[in-house]
Amino acid sequence: MAAAAAELALVKSFHPMSKFSGRASSKVATFRPRHLRISASAAAAPPAAGPKKKKSGKTTEINETLLTPRFYTTDFEEMEQLFNAEMNKNLNQAEFEALLNEFKTDYNQTHFVRNPEFKEAADKMQGPLRKIFVEFLERSCTAEFSGFLLYKELGRRLKKTNPVVAEIFSLMSRDEARHAGFLNKGLSDFNLALDLGFLTKARKYTFFKPKFIFYATYLSEKIGYWRYITIYRHLKANPEFQLYPIFKYFENWCQDENRHGDFFSALMKAQPQFLNDWKAKLWSRFFCLSVYVTMYLNDCQRTTFYEGIGLNTKEFDMHVIIETNRTTARIFPAVLDVENPEFKRKLDRMVEINKKLIAVGESQDLPVVKNLKKVPLVAALVSEIVAAYLMPPVESGSVDFADFEPTLVY
Ligand SMILES: [Fe+2]
Ligand SMILES: [Fe+2]
């Protein structure tokens, strides 16, 4: 999974047709921050670096909010049934075997090799930019690691039912482990390290039914691809903003994410019931909206980072959203009309409301006063999100399915 991966939870609890299992919905309907832990790997971390240190010195805590990358779990028994070749005649084993061979080729086996440039670049970075870089590395590492855990478990659980699909999941978890590890090495340049073992045990897992895992992971892989390739191309054209060498690795890296997304595309084609009815259309739009809104709100809180590498945050995000939406339209039966200027206007209004919500959260008011002040803001945010959801959609999807009314959109 990629940087924007796994950041799905934002609007789930607000959604009018939200009917996730109780295990999931009860976990996200709160603004209360939880915590995750990172360790300072050396005592000499520069003072401006990283999140606030606890007095004990050894461990550092950062806030985990509704917009933080999440960890997922699913109904593995249902997954087993879905990939049982005897029960599901739509499974195109030949296609999965071809994909498996591609994953076995392991194009990026020797790609993630570090050099002394990393530490030198990190040492040069100071002040707010350094802090936001550390946060970027932490969030990206958490998101990649989240993918690793989910794919590893799927690889393990599907071994008996469908060894080919299972092996692909295992090889995808190999990729994600590599990505997370590379980002965590990056944190060591800033004298920090994410405690991934601790994260595995301590973090809560959000439950999604298999169908929703497919929508969510497909989108996060594809949006990850578009984020990485856009940053890579921008920095190639504007090398003066190449502040840290990790971005030079994004071109091959994002091909991993693209392959992961293509695998989910093949998985969904093997489960046409998830793509070919009116419910699938509603859910497709819902997941697109959750992913796009989450990314936009997250990134607009981190303009220092994007400006630091010479990007205009909103332009970058809109480019990523539009490209991801075009890619997604090839497989999802409906997507949002993100190229309608009204969609961006709605996103911008959400950003303004979210800023006010953050200001209330950071104020010195009593908790009860804060909550009272948040009510109208949350209501305004929900109404913008619902309005964006209800905008006329774009019918899309593969023409392979007879039940679709195919429309050529792009
Ligand atoms: Fe990844
Ligand atoms: Fe991935």
Side-chain angles (χ1 to χ4, degrees), residues 1-8 68-74 96 99-100 102-114 136-156 158 165-187 194 196 199-200 206 208 210 212-232 244-268 287 291 294-295 298 320 323-324 327-328 331:
M1 247 179 252
E7 296 183 338
L8 251 263
T68 307
R70 280 163 190 275
F71 285 7
Y72 292 95
T73 186
T74 189
F96 288 127
L99 278 166
L100 175 58
E102 185 148 342
F103 279 106
K104 276 184 179 163
T105 309
D106 198 2
Y107 298 98
N108 285 338
Q109 194 177 18
T110 55
H111 178 61
F112 294 95
V113 179
R114 283 162 50 87
F136 165 77
L137 292 172
E138 284 165 4
R139 293 176 64 87
S140 305
C141 182
T142 309
E144 297 280 9
F145 189 65
S146 157
F148 159 75
L149 288 175
L150 178 67
Y151 299 161
K152 184 171 165 249
E153 190 60 11
L154 281 163
R156 201 174 69 80
L158 294 173
V165 167
E167 197 176 351
I168 296 177
F169 273 119
S170 299
L171 294 176
M172 294 204 315
S173 80
R174 165 204 69 195
D175 295 343
E176 305 300 19
R178 214 174 255 160
H179 301 165
F182 200 64
L183 286 155
N184 215 2
K185 286 252 173 67
L187 278 167
L194 262 180
L196 298 175
L199 276 189
T200 310
T206 301
F208 272 174
F212 303 130
I213 287 281
F214 293 154
Y215 297 145
T217 39
Y218 172 82
L219 275 168
S220 58
E221 295 292 359
K222 289 296 180 186
I223 209 166
Y225 165 77
W226 279 110
R227 285 173 65 84
Y228 285 171
I229 195 67
T230 306
I231 292 176
Y232 175 82
Y244 185 64
I246 204 159
F247 305 115
K248 291 181 189 165
Y249 292 72
F250 275 15
E251 190 181 29
N252 291 38
W253 186 331
C254 76
Q255 294 309 330
D256 282 343
E257 312 304 2
N258 207 23
R259 271 188 291 274
H260 299 170
D262 289 343
F263 170 62
F264 279 104
S265 187
L267 287 187
M268 283 190 281
F287 275 89
V291 170
T294 307
M295 181 180 80
N298 264 321
V320 169
E323 292 297 347
T324 305
T327 307
T328 305
I331 180 80

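Whatever order the structure lists ligands and atoms in, that order sets their numbers, starting from 1.
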Asks: Would you mind naming the N, O or S atom of H260 nearest to the Fe ion (ligand 2)?
Replies: ND1
Asks: So which of the N, O or S atoms of E221 lies nearest the Fe ion (ligand 2)?
Replies: OE1
Asks: Name the orientation class of the two ring planes belonging to F212 and Y215 (parallel below 30°, tilted from 30 to 60°, perpendicular beyond 60°).
Replies: tilted
Asks: Is E144 close enough that one of its N/O/S atoms sits under 2.8 Å from the Fe ion (ligand 1)?
Replies: yes
Asks: Taking side chain to side chain donor-acceptor pair (under 3.5 Å) as the test, write out the residues that go with D256, two or more places apart.
Replies: N108, H179, R259
Asks: Assess H179: does it contribute an N, O or S atom lying under 2.8 Å from the Fe ion (ligand 1)?
Replies: yes
Asks: Please state whether the separation between the Fe ion (ligand 2) and some N/O/S atom of E257 is under 2.8 Å?
Replies: yes
Asks: Got a sec, which residues hit side-chain contact (heavy atoms from CB on, under 4.5 Å) with P210, two or more places apart in sequence or on another chain?
Replies: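 In terms of side-chain contact (heavy atoms from CB on, under 4.5 Å), with neighbours along the sequence ignored, P210 is linked to T74, D75, E78, M79, L82.
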Asks: Taking the inter-plane angle between the rings of F136 and F247 on a 0 to 90° scale, is it parallel (under 30°), tilted (30 to 60°) or perpendicular (over 60°)?
Replies: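 Ring orientation, 0 to 90° scale: tilted.
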Asks: Evaluate the ring planes of F96 and F263, with Trp represented by its six-membered ring, and classify them as parallel (under 30°), tilted (30 to 60°) or perpendicular (over 60°).
Replies: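 Perpendicular.
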